[in-house]
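Please read these numbers as outputs of a predicted model, since none were measured by experiment.
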Amino acid sequence: PVYAFLRRSGRDRENAAETTQAFFVDIVLHRDLFSKADQGRGRFRSLLLKSLQNYTIDRSRKHRHRSVSLDDVLLDRISMDAAEPDPGLDPDTAFNRQWASSILQMAIERVREDCQKRSMQNHWTAFELRVLRPAIGLTKPPAIEQIKDIVSAKDTQQVSHMIQSVKRKMESAVREIVASTLENQSELEQETSSVLWHTRLG
């Protein structure tokens with residue numbers, strides 16, 4: 001999210017990457033941003049964005065452009081490439097969309113592992129083929145009949161039930177992850193819906 005915001009704020013890839021890593025070293029790690037977060041005052045996502053905005057203003061005023069080693073933080077070139085935002089997005093939308101994408105990725109890993117533990121690999125495969133891949137890749141989903149053959153289901157209705165089962169797990173996982181970033185749980189449904197909408201799963 002930080003990198004996506006900086007890119008859409010007009011920085012080139014190298015400057016956005018260097019500033020992202022400097023922000024995490026200077027603010028998130030050295031100033032321990034996580035321990036200073038007060039969930040009662042709002043969403044952590046909002047705190048992160050505000051901290052980033054203040055940091056870039058301060059950095060520009062002081063003309064601090066020190067180099068930060070990739071060894072300092074758990075960020076790499078692959079991560080930057082994955083976070084490259086749509087050029088048509090404004091900075092705030094780019095930040096929020098990448099935030100949602102990060103939450104989705106955590107939910108995907110959680111649900112995939114759960115399906116494996118419960119011997120529901122075919123359920124996951126059906127969901128991945130019909131819902132997840134088309135949503136992420138903006139492609140047309142395969143026909144239910146085709147998926148039925150792949151997962152060896154008895155009929156298309158069974159496939160639909162398998163997909164809905166995993167979809168409920170995904171929504172629940174997203175909701176749990178989002179809830180961990182909120183103190184005011186009255187915002188939970190709105191935030192969850194926002195993540196699902198940004199990731200095209202809603």
Side-chain angles (χ1 to χ4, degrees), residues 1-5 7-8 20 24 28 33-34 37 39 42-49 51-52 73-76 78-86 89 91-142 144 147 150-151 153 158-202:
V2 170
Y3 175 79
F5 178 89
R7 283 288 285 133
R8 295 310 308 137
T20 295
F24 273 90
V28 178
L33 182 66
F34 293 110
Q39 291 181 324
R43 307 176 182 119
F44 179 74
R45 172 164 55 90
S46 300
L47 171 64
L48 184 66
L49 180 56
S51 298
L52 173 61
V73 286
L74 297 176
L75 297 175
D76 54 33
I78 294 175
S79 299
M80 298 305 175
D81 290 341
E84 190 67 26
D86 186 321
L89 300 178
D92 284 2
T93 301
F95 178 92
N96 289 328
R97 183 167 293 180
Q98 190 58 42
W99 176 275
S101 179
S102 299
I103 290 177
L104 176 65
Q105 190 58 48
M106 287 188 284
I108 287 173
E109 293 304 318
R110 185 176 297 185
V111 175
R112 181 189 288 125
E113 290 179 5
D114 183 69
C115 286
Q116 290 176 346
K117 290 178 181 178
R118 297 175 182 272
S119 298
M120 295 174 62
Q121 290 91 336
N122 281 341
H123 288 67
W124 175 259
T125 298
F127 173 78
E128 185 177 31
L129 292 174
R130 180 69 177 180
V131 179
L132 194 57
R133 288 186 185 178
I136 294 175
L138 295 179
T139 58
K140 184 178 179 180
I144 291 286
I147 297 175
I150 294 174
V151 299
Q158 183 182 17
V159 175
S160 296
H161 288 161
M162 294 165 73
I163 292 171
Q164 287 304 313
S165 176
V166 179
K167 189 172 183 180
R168 285 192 294 270
K169 285 179 178 289
M170 280 293 298
E171 291 174 353
S172 178
V174 168
R175 186 174 289 104
E176 288 175 3
I177 295 168
V178 168
S180 69
T181 71
L182 300 173
E183 177 66 23
N184 185 353
Q185 295 301 303
S186 66
E187 299 177 335
L188 179 57
E189 293 306 318
Q190 179 184 352
E191 283 288 284
T192 300
S193 296
S194 176
V195 169
L196 295 174
W197 181 80
H198 276 299
T199 55
R200 304 178 182 90
L201 291 181

*Asks:* Work out which heavy atom in Phe127 is nearest to a heavy atom in Lys167; give both atom names and the distance.
*Replies:* CE1-CA, 3.8 Å
*Asks:* Out of curiosity, Ile108 CD1 to Trp124 CH2, how far, rounded to the nearest 0.5 Å?
*Replies:* 5.5 Å
*Asks:* Quick check: does any side chain N or O of Ser180 sit under 3.5 Å from a backbone N or O of Ile177, one acting as donor and the other as acceptor?
*Replies:* yes
*Asks:* Quick one: pull up CZ in Phe5 and OG1 in Thr93 and give me the separation to the nearest 0.5 Å.
*Replies:* 10.5 Å
*Asks:* Looking only at heavy atoms, which two atoms of Asp114 and Lys169 are closest? And how far apart?
*Replies:* OD2-NZ, 2.7 Å
*Asks:* Quick one: do Ser119 and Gln121 satisfy side-chain contact (heavy atoms from CB on, under 4.5 Å)? Show the steps, please.
*Replies:* CA-CA 6 Å; Ser119 298; Gln121 290 91 336; 4.2 Å; yes
*Asks:* Short question: side chain of Ser193, backbone of Glu189 - any donor-acceptor pair under 3.5 Å?
*Replies:* yes
*Asks:* State the CZ-OG1 distance between Arg130 and Thr125, to the nearest 0.5 angstrom.
*Replies:* 15.0 Å
*Asks:* Which heavy atom in Ala173 sits nearest to a heavy atom in Ala107, and how many Å separate them?
*Replies:* CB-CB, 3.9 Å
*Asks:* If we ignore hydrogens and angles and just use 3.5 Å, is the side chain of Ser102 paired with the main-chain N or O of Gln98 as donor and acceptor?
*Replies:* yes
*Asks:* Do the side chains of Met106 and Ile103 get nearer than 4.5 Å, heavy atoms only?
*Replies:* yes
*Asks:* Please give me the minimum heavy-atom distance between Phe95 and Pro1, naming the atom from each residue.
*Replies:* CD1-O, 3.2 Å
*Asks:* Val111 and Met170: which non-hydrogen atoms are nearest, and at how many Å?
*Replies:* CG2-SD, 3.6 Å
*Asks:* Start with the C-alpha distance between Val151 and Leu129, add both sets of side-chain angles, then the distance that settles side-chain contact (heavy atoms from CB on, under 4.5 Å), and finish with yes or no.
*Replies:* CA-CA 10 Å; Val151 299; Leu129 292 174; 5.5 Å; no
*Asks:* Using side-chain heavy atoms (C-beta onward) and a distance below 4.5 Å, is Gln158 in contact with Ser160?
*Replies:* no
*Asks:* Atom CD in Glu128, atom CD1 in Ile147: separation rounded to 0.5 Å?
*Replies:* 10.5 Å
*Asks:* How many angstroms lie between atom CZ of Phe24 and atom CG of Leu48, to the nearest 0.5 angstrom?
*Replies:* 6.0 Å
*Asks:* For side-chain contact (heavy atoms from CB on, under 4.5 Å), just list the numbers for Val174 and Glu171, CA-CA rounded to whole Å, side-chain angles, deciding distance to a tenth of an Å, and then say yes or no.
*Replies:* CA-CA 5 Å; Val174 168; Glu171 291 174 353; 5.8 Å; no
